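Start at 1 and go down the list; that is how both ligands and their atoms are numbered. These figures come from a predicted structure and were not determined experimentally. We number each residue from 1, following the sequence as shown.
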Amino acid sequence: MNNRISRFVLLLSVLTTSLSAQVPLYQNPDAPIEERVEDALNRMTLEEKVALCHAQSKFSSAGVPRLGIPEVWMSDGPHGVRHEFEWNTWNYAGWTNDSITAFPALTALAATWNPDMAALYGKSIGEEARYREKDVLLGPGVNIYRTPLNGRNFEYMGEDPYLAGVMAVPYVKELQKNGVAACVKHFALNNQEQWRGTVDVEVSDRALYEIYLPAFKKAIVEGGAWGVMGAYNKYRGQHCCHNARLLNDILRGEWGFDGCVITDWGGAHDTKEAALNGLDIEMGSYTNGLTSDNSLGYNRYYLADPYLEMLKKGELPMSSVDAKARNILRLIFRTSLDRDKPYGSLCTKEHYDAAKAIGDESIVLLYNNGILPLQGDKYGKILVVGDNATRRLTDGGGSSELKPKDMISPLDALRTLYGDKVEYAQGYACGRPFFGHEEVIPQQVMDSLCAEAVAKARQADVIIYVGGLNKNAFQDCESTDRKSYNLPFGQDELIEALVAVNPNLVIANISGNAYAMPWLKKVSAVLHISYLGTMGGASIADVISGKVNPSGKLPYSFPVKLSDCAAHTYGEGAYPGIDAGREADNSLTDYQRNVGVSPREEYKEDILVGYRWHDTKKIPALFSFGHGLSYTSFEYGKSLLSAKEMDEKGSIKVTVPITNTGTKSGKEVVQLYLGDPKCSVLRPLKELKHFAKVAVAPGETVQVEFVITPDDLKFYDEASRQWVAEPGVFNVYIGASSADIRCKHSFKYLSGL
Ligand code: GLC
């Protein structure tokens with residue numbers, strides 16, 4: 001019997017060996033990825049390798065049909081899987097099966113200050129991307145919020161690199177568990193939309209390493225991102241999509257990135273640079289991605305025939321195309337050819353619940369005179385005013401535009417909660433969300449809408465104002481920056497008129513940016529709400545009614561006025577840039593960038609971005625980074641340090657008791673900032689180094705713990721190009737925001753340089 005079994009086993013092993021010998025190594029899902037990559041590469045022709053390196057359609061690049069290696073399908077965006085495009089136009093394809101869950105914007109995710117929400121976000125959006133058979137999701141965006149005029153801040157995670165990085169890592173990890181590559185963008189220094197295609201940014205190495213790169217580095221080194229998208233702009237004279245320092249020296253050299261670098265659409269401008277400076281896939285060239293769709297075919301891309309010809313002539317090394325092909329093949333084996341990838345899912349209850357939970361935790365209560373939560377039985381008539389109470393804010397905004405299967409508006413949700421007490425007045429009009437230009441509304445229309453709202457306000461017991469910005473051009477929209485720091489469409493005047501006839505005015509504004517609040521002292525409460533997608537209205541209504549206790553904290557400062565903001569302190573050379581050749585024509589938008597506008601810009605505020613500026617220059621913000629109130633109250637007890645000194649091998653544990661002294665359960669974000677008052681270089685007064693969001697029941701006390709390590713103390717030393725911490729006293733600030741410091745300690749760092 002045993003003989004027969006051993007003969008059978010032997011036969012089986014011979015069979016499988018011979019079978020596996022027939023299946024090429026690259027097709028063997030059990031073989032190590034790097035071996036599959038090399039085997040596939042060795043089977044490819046030069047033409048096939050070059051074909052991998054550029055688009056074949058608006059959102060796909062070629063595979064290797066002869067070898068059965070699939071093409072790469074990419075999709076926007078960071079907040080949901082965008083609807084399908086026609087093969088080679090910016091027209092939507094009109095499919096009927098590509099509606100999705102619209103998740104909250106990334107500023108909303110950042111405003112939760114809750115990494116668990118980021119994990120839930122990445123898992124949910126990854127399942128939708130997988131189901132929609134996308135290999136690369138073009139997000140998350142982690143560019144730093146440098147100016148409140150940037151049209152795309154809503155797609156990013158605020159002004160602090162530590163918060164943005166901590167929130168990006170779980171998003172990337174959970175997304176990629178679905179066999180979908182994250183593509184962290186836009187690398188790097190894409191902090192405005194004005195002239196985004198040509199602005200040439202100069203910034204100190206300290207600011208680059210301490211402010212603008214850390215979130216990318218965390219997403220790539222800790223998150224393990226498989227993709228990076230090059231930015232449109234230049235850095236030190238070279239386009240970011242093929243910038244030797246950013247891509248070769250830093251991304252691949254210092255961080256060991258082994259994934260794929262993909263251009264922003266139209267971000268490549270030179271074959272030789274693209275060949276040698278770390279780029280892998282060229283997308284969207286010869287078009288500005290928007291209005292000019294040149295008749296040139298994909299074979300005319302910089303990394304297409306021109307590249308092939310230079311390779312064949314020996315003008316460029318074959319090693320350059322092999323390196324690209326390896327990175328692209330690795331991407332394919334990690335995504336579409338991962339046999340074990342999950343199936344994905346679309347528009348499930350779980351995804352709607354995820355969008356709701358993230359939205360709930362993202363809403364920031366800035367100010368409340370006690371009117372909130374709004375007890376319905378106290379009021380006979382509740383007037384809702386504002387275009388954003390009904391507007392589909394997933395329309396417009398640029399590449400993050402989505403086609404949600406469902407959308408709950410704030411007005412619908414408020415009516416569900418408060419019934420027929422709710423009346424509505426639009427209050428102002430703003431036109432359709434065209435890309436790149438705005439629809440002008442006749443003044444008499446605006447006047448009549450305002451008058452109607454004021455007339456209704458006189459009769460109402462309380463007003464809920466749902467306005468703010470929107471996804472129109474020159475608002476929260478790609479390719480154009482805002483023209484003003486004030487609310488648009490006459491809203492300041494409207495709010496003043498409303499509050500003059502009825503002081504019970506709750507502001508529930510929706511925006512992806514800070515804005516001026518000249519009426520702040522007259523209103524009863526202010527909620528700051530990011531774009532929340534499918535479940536947005538429900539989250540807003542639940543917070544207003546008290547079903548949800550707000551726990552969001554600001555991921556960016558609200559300056560009182562624009563000139564209080566660092567980027568707007570040093571003239572046009574610091575923002576939006578000054579054209580070296582001629583006075584930059586401010587009327588030029590992104591579209592006309594091909595007419596030779598090439599402004600130069602220097603980030604003169606250096607490392608003092610956001611609260612770092614407000615703290616160090618002693619310019620109080622209207623509402624500070626990290627600020628957010630609750631319907632309950634929290635007491636910060638006596639915090640303790642485990643030691644009063646630390647050396648380079650040491651650490652210090654910080655414990656902070658947090659007590660809920662109110663009557664409602666709530667969540668608090670305890671923030672720990674560090675300051676290095678006596679340093680050989682200028683450092684901000686304090687910088688965020690740790691935070692924790694804790695749920696606390698009424699009367700309960702929770703111990704929050706942090707561990708300070710030497711890495712938390714370091715700054716980037718330009719001379720040595722190292723991160724260093726100098727010996728001396730360091731200050732520990734524990735607070736409910738960057739400006740609301742509840743306790744302060746100090747300790748001595750004994751080692752250093
Ligand atoms: C756009 C955006 C980028 C987007 C890409 C594809 O211009 O800058 O974020 O992913 O093109 O739509």
Side-chain angles (χ1 to χ4, degrees), residues 54-61 72-93 98 105-107 125 129 132 134-143 150-157 168 175 180-199 216 219 225 227-234 239-241 260-269 279 281-293 394 396-403 435-436 471 473 476-481 512 589-591 593-594:
H54 61 83
Q56 65 169 12
S57 77
K58 261 293 175 270
F59 282 91
S60 71
S61 57
V72 179
W73 279 93
M74 312 170 191
S75 172
D76 289 312
H79 309 151
V81 188
R82 199 174 182 187
H83 25 323
E84 298 296 336
F85 280 90
E86 291 175 350
W87 182 260
N88 182 40
T89 74
W90 285 106
N91 303 324
Y92 287 118
D98 56 358
L106 289 191
T107 35
I125 199 170
R132 283 276 306 283
K134 303 304 176 183
D135 307 308
V136 182
L137 186 73
L138 302 170
V142 293
N143 291 105
N150 177 14
R152 289 187 87 174
N153 278 328
F154 72 98
E155 289 187 59
Y156 307 144
M157 293 202 260
L175 164 63
V180 178
C183 187
V184 193
K185 67 187 187 181
H186 305 87
F187 191 68
L189 299 164
N190 180 187
N191 304 99
Q192 67 192 55
E193 289 302 290
Q194 176 78 22
W195 301 320
R196 64 175 175 169
T198 53
V199 67
F216 285 100
V228 165
M229 182 187 292
Y232 277 129
N233 52 285
K234 293 176 188 170
H239 275 282
C240 290
C241 287
C260 241
V261 175
I262 300 170
T263 65
D264 200 339
W265 267 237
H269 298 273
L279 175 62
I281 305 179
E282 175 189 358
M283 299 300 290
S285 295
Y286 288 118
T287 73
N288 60 16
L290 304 167
T291 57
S292 73
D293 200 354
T394 47
S399 58
S400 61
E401 182 173 49
L402 295 172
K403 181 167 87 173
F435 194 83
K471 302 289 188 67
D476 285 325
C477 185
E478 179 176 338
S479 159
T480 51
D481 282 345
T589 60
D590 198 46
Y591 299 154
R593 69 170 184 266
N594 301 325

| message | At less than 4.0 angstrom from any non-hydrogen atom of Lys185, what atoms of ligand 1 do you find? | response | 3 (C), 4 (C), 9 (O), 10 (O)

| task | State, to 0.1 Å, how close Asn233 and Val199 come at their nearest heavy-atom pair, and which atoms those are. | result | CB-O, 3.4 Å

| request: Give the ring-plane orientation class for Tyr92 versus His83, where under 30° counts as parallel, over 60° as perpendicular and anything between as tilted. | output: parallel

| field | Distance filter under 4.0 Å to Phe59 heavy atoms, resulting ligand 1 atoms | value | 6 (C), 12 (O)

| How does Lys58 reach ligand 1, by side chain, by backbone, by both or by neither, if only non-hydrogen atoms under 4.0 Å count? | neither

| query | Quick one: does Phe154's side chain get under 4.5 Å of Ser400's, heavy atoms only? | reply | yes

| task | For Arg82, counting its heavy atoms only, list the atoms of ligand 1 lying under 4.0 Å from any of them. | result | 12 (O)

| request: For ligand 1, note which part of Glu401 has a heavy atom under 4.0 Å away: side chain, backbone, both or neither. | output: neither

| Side chain, backbone, both or neither: Glu478 near ligand 1, heavy atoms under 4.0 Å | side chain

| message | We want to know whether Arg196 and His186 form a side-chain donor-acceptor pair, criterion being a heavy-atom distance below 3.5 angstrom. | response | no

| request: May I ask whether Glu155 places a heavy atom under 4.0 Å from ligand 1? | output: no

| query | Which of the numbered atoms in ligand 1 are below 4.0 angstrom from a heavy atom of Leu138? | reply | 10 (O)

| query | Can you tell if the side chain of Cys477 reaches within under 4.5 Å of the side chain of Glu193, non-hydrogen atoms only? | reply | no

| Relative to the heavy atoms of His186, which atoms of ligand 1 are at a distance of less than 4.0 Å? | 3 (C), 8 (O), 9 (O)

| message | In terms of relative ring orientation, are His269 and His239 parallel, tilted or perpendicular, with 30° and 60° separating the classes? | response | parallel

| Can you find a non-hydrogen atom of Arg196 under 4.0 Å from ligand 1? | yes

| Sub-3.5 Å N/O-N/O distance, Trp90 and ligand 1 | no

| Where on Met229 is there a heavy atom closer than 4.0 Å to ligand 1, on the side chain, on the backbone, on both, or on neither? | side chain

| query | If you look at every heavy atom in Asp264 and Cys241, which pair is closest and at what distance? | reply | N-SG, 3.6 Å

| Counting only heavy atoms, which portion of Met74 has something under 4.0 Å from ligand 1: side chain, backbone, both, or neither? | neither

| task | Compare all side-chain heavy atoms of Asp76 with those of Phe85 and state whether any distance is below 4.5 angstrom. | result | no

| said: Within the 4.0 Å heavy-atom shell around Ser399, which atoms of ligand 1 are there? | reply: 2 (C), 3 (C), 4 (C), 9 (O), 12 (O)

| said: Distance alone, cut at 3.5 Å: any donor-acceptor contact between the side chains of Gln192 and Asp481? | reply: no

